[in-house]
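First up is the structure itself, then whatever we jot down about it.
On a predicted model such as this, the values are computed, not experimentally measured, just so you know. Just the heavy atoms: all of them, side chains too, but no hydrogens, waters or symmetry mates, feed the values below. Reminder, nothing fancy here: chain letters follow the sequence lines and each chain counts from 1.
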Amino acid sequence: MKPDAIRDKVAIVGMGCSKFGENWDKDPQDMIVEAAFEAYADAKIEDPQRQIEAVFCGAQYPSKGTAEVADALKLYDRPVSMVVNYCATGTDAFRYGVFAVASGMYDTVLVVGFDKPKDRGVSGPSVAVTGVRGLPATPAGWFSLCAAQYFQTYGAGREDLARIAVKNHHNGTLAPKSMLKREITVEDALGARMISWPFGLYDCAAQSDGAAAAIITSRELAKSYRDDFVLVRGIGIALSPNPQEDPAFDFLRWRASEMAAKQVYAQAGITNPRKEIDVAQVHDCFTLTELLAYEDLGFCEKGSAKEHIQSGTFALDGELPVNTDGGLKTFGHPTGATGVRMIYENYKQLQGKAEKRQVKNATVGLSHNIGGAPQACGICIVAMP
Amino acid sequence: MVGITAYGAYVPMLRLSLSAIGGGAPKPGGPEKAVANWDEDAVTMAVAAATDALRGIDRSTVDAVLFASTSYAFKEKQGAAIVAKALDLRRDVYTADLGDTLRAGTNALRAAYDMVKAGSAKRVLVTVGETRMAAPRTGLEAAIGDGAAAFLVGDEGVALAITAAHSISDEIIDVWRTEGDPFVHAWEDRFVVDHGYRTCVKEAVTGLLQKAGLTPKSVTRAVFYGPDARSLGTVAKECGLDPKTQLADPLFGKVGNCGAAFAPLLLASALAQTKAGETLLLASYGDGADAFVLEATPQVERLEGQRGVAWHLARRGEFRSYDMYLRFRQLLATEHDRRAGAGLSATKHFRDRDSDVTLLAQKCTQCGQAQFPRQRVCFQCYAKDAFEPIRLSDRVGTVKSFTFDNFAGSPNPPLVAGIVDVEGARLYLQMTDVDPKEVKLGMPVELTFRKIHEAGGTPNYFWKSTPLR
C-alpha cells in the first residue's frame, strides 16, 4: 500500500448543498437537483451531459437507489453507483469519486449524497422492533454507551456536553443552509427533556432532509474550471468491531475514529493534527460524539477534552474551530448527505467564502463521520494547493 | 421411592395494592397481589422458577419437562419446548404442556410422578406459571395474582416422597375463559365454593386418606388451594383438619390466587419449613381436584440454595399507579401497539436459537476469549470455527456501561439498557426489575429470560439483566 498515492492528485472544482430541514414540500429529486446544479454553476459546468463522466451516490435510506439520482439529473449512459456505509455514506461516496479520478479513468465525476428520512413519519431515527437482541435500537442508546465510563474516568459531565451544543447552535445561526438558527444556553441544554441519558434534547441532532454534491477532477484539469480549487489530501474509511460485542473495548473512545484517523493522517502526512489542521467538521450526532472525536482524532490528549471545551479551543475563534456551520446539531442528519455537506463547508472555508463564520487563513480542513453501533468512520482532509 | 428432589419458586417483584385497584390510593402494609412485569409471562416465570430449582444440578440429567398454565400465550406451539431451550436442556428431553384447568399444575406433578414410577424417565422437571387476568375493577381482579413454581421429580435424592395420589373429576361451570377472551370469568362465589371447591376437595382428600390409610391427625401440614380464607378454613374443617395448626400459609394478601400455580407455589413455600418425617397433604382444585400425600425424608433438610417463596416475597417493588398496571397488561389504548410490526423472522430466530433463547456464548478453543453472540471468526485471535459453547444464563455478570433510553418504546420508560460482561463475553442487554437510581458501573447482575416485544402478536423472548439481590 502507498499511503500517499492520492495525496493532492484530485481536486474539487465545484460544490453544492441544498437547504437542510424538514423539507415536506421537496422530493429527493428536488434536493438532488438543487445541490447538483449549484455545483455545476460553481464549477461553471455548462453541459453536464457531456462533462460528467461518472456519478457516485450515497444514501442510507434510498427509496429506489441509483435511479433516484440518474432520473433526477437525467445522467444516463455512464456509470452511476451507490454506496451505503452508515453515517460515513456521504464521505465514502466522495471517496469512490476521488479514486475513480485518481485512477485516470475519468476526467470529471459527480458525487451526490442525499437522504429523505422525514418521509418515514417519525421524529427521530427508526426504532427497529423485528429483532430481540441489540435493543434499544436507537442511535441515542448506542452512542450514549461511552458516557458512564468516560464521565467516571475523566470527571467530565453533562455540562461539558451542553457547551458543545451551545457552540454548535451559535455557529448554526451563521450558516444560511442550516435548519436550526437559534442560540441556546447551557441552562437550556441541561434543562431539556431527557432522550437517552446523558443526552437531553439539545445533545441530539435532529432528523432532516438534504442533499449535497461535488464535482471532482484531476489536479491538472482543475485550473480549467477555476483558480481556487481545493485538493483532496487524504480520505479513508475504517470499520471497528461492534462496541456492543467487542470483549476488549473500554468505552472511552470510538475505535473506528482512531483507526480512520491513523489511516488518513498517514495519507496526508499529518503528525500534529491540532497545529496542522485549520478547521474541522466532526460528527456530532450527539454532543458526546463530538467530544470523543476531539480526542480520537488527536486534536487533544485522551481525557483532556473537558479543559479544551472550557477554554474554547474548538470555538469559531479558537485554535481549531470545529463544526463551523453548526454541524449535525443545526443541519440535522440526512445520513447520505452529511459527509458531503461537511466537505462543502470545508471547501467554502478554504476558499474564504464562509461569510460570517469564516475562519482566518484556513488552508487545511478535516471532515469526519462515524455511524452504526458505531463501527464505520470516514475522514476526509482537503487543502489548498 | 418417587418424589420431589428439588424445588423452586418465582413471584414477580411488582405488587399492586388492592386498595389501588380502580384508582384508589395504595395502602402501605395493606393487602396486595403480585403482578408480572410487562416483560414477563407464564413461560418466563416458569423458566425463572425452574432456574431456582436447578441450582447446583447437572441440567443434562433432566429427562422430561412438563409446563402447565392456563394463561400461556400460544394456542399452538409448545411452552415446554421454550422452557427446555431456555434452560439449555438436552435435545432428546421429552416435553409436554398441560393447560385448560386450574388443576394443570398438579396434573403435571401427577404425570411426572407416574412417568418416574413407570420408568419412562428418571428426572422430570415440572414447571407451572400463571399470568391470569380478570376484567379491570372487578372482585376477581383483586383476587388473582401471578406466580410460578418448579419441581424436579425423580427416584434418587428424594426430599418429599409422593406416597399416595387421588383425583376427582367434576363437570361444573364455575371459572372459565374462552378462546380470544383475555379475562377469566366466574359464576357466583357461593355456588362455586359450595358445589365446586368444597365438594371436590373434600371428596379428593377423604378418598386420598382412605387410600393411604392415614387419619387427618397424622397430617403435619395441609397445602390447599383456596379461593379465600373462609372457604379454605371450612374445607380444612370438613376434611377433619384443624385450620389453625394444620394449614400451610395460603399467602393471602401477598401473592394472590395464581391459578394452576397456586397450590404448587404454596407447596414450594411449605417445603422450605418442612422437617424430616413430616407428612404433607397437597390438594388443588379445578374441574375436580388432585390430592397427594407427601412424606418428608432427611433429604428435605439438606436442600439448599433455593430462593424459594420467602426470598421472592422479600424482593418487592410497587406499581406507582393503577394506570401503570393497566398499561403493563395492555388494557389501555396507546399510540403504539406493542404487538404491531412485522414480527420476528422465523428463519432468523431458528438460526439464533442458541444465542437468543439459550444464551449460549462461545469460547475460543485457541485463545480462550469468550464472545457473544455466535461468531465464525474469533474476535481476538481470528481463528475460524474454533469455539466451544458456554452457558451464560446461570452466571453473574457486571455492568460495563449503561443508559436510560426514553426514546426506545417501553411501557415503563426509561428503558434501562447497557453492556454487561459475563464470563469474559460482552452482552448488550436491557435491564429489568430495576430502579434507574440503583444502576452503577461494576454492579453485579444476573440474567433473566424475558419478553423483549410482541411484534407480530407473539411474545418474542430474549434475556435481560437484573440487579443481583
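Heavy-atom contacts from other residues, nucleotides or ligands closer than 6.0 Å to CD of Glu301(A) number 12 or fewer. The 12-atom threshold is exceeded at CZ of Phe387(B), counting heavy atoms of other residues, nucleotides or ligands nearer than 6.0 Å. Around the NZ atom of Lys262(A), the shell of radius 6.0 Å holds no more than 12 heavy atoms that belong to other residues, nucleotides or ligands. By the 6.0 Å contact criterion, CZ on Phe74(B) is enclosed, its count of non-hydrogen atoms from other residues, nucleotides or ligands being greater than 12.
For Gln380(B), no part lies under 4.5 angstrom from a heavy atom of chain A. Proximity to chain A (any heavy atom under 4.5 Å) is shown, for Lys440(B), by neither the backbone nor the side chain. In this structure, the portions of Phe372(B) lying under 4.5 Å from any heavy atom of chain A include both its backbone and its side chain. Of the atoms belonging to Gln149(A), heavy atoms from both backbone and side chain fall under 4.5 Å from chain B.
With sequence neighbours left out, the side chain to side chain donor-acceptor pair (under 3.5 Å) criterion links Ser196(A) to Thr403(B).
Counting heavy atoms from C-beta on, the side chains of Asn406(B) and Arg193(A) never come closer than 4.5 Å. When side chains are defined from C-beta on, Trp463(B) does not count as touching Arg133(A), because their heavy atoms never get closer than 4.5 Å.
Close approach to chain B, defined as a heavy atom under 4.5 Å from one of its heavy atoms, is seen in Pro241(A), Pro243(A), Gln244(A), Glu245(A), Asp246(A), Pro247(A), Ala248(A), Phe249(A), Asp250(A), Phe251(A) of residues 236-253 of chain A, taken by number. For residues 158-167 of chain A, an interface with chain B (any heavy-atom pair closer than 4.5 Å) does not exist.
Residue pairs meeting the salt bridge (charged side-chain N to carboxylate O under 4.0 Å, His left out) criterion with at least one partner in residues 360-379 of chain B, sequence neighbours excluded, are Arg376(B)-Asp385(B).
Most heavy-atom pairs under 4.5 Å with chain A: of the set Gln371(B), Lys348(B), Gln369(B), Lys400(B), this distinction falls to Lys400(B).
Of the candidates Asp356(B), Val357(B), Asp352(B), Val132(A) forms a side-chain contact (heavy atoms from CB on, under 4.5 Å) with just one, namely Asp356(B).
Once rounded to the nearest 0.5 Å, the distance linking CG of Leu145(A) with OH of Tyr428(B) reads 5.0 Å. Atom CZ of Phe151(A) is separated from atom CG of Leu441(B) by 11.5 Å, given to the nearest 0.5 angstrom.
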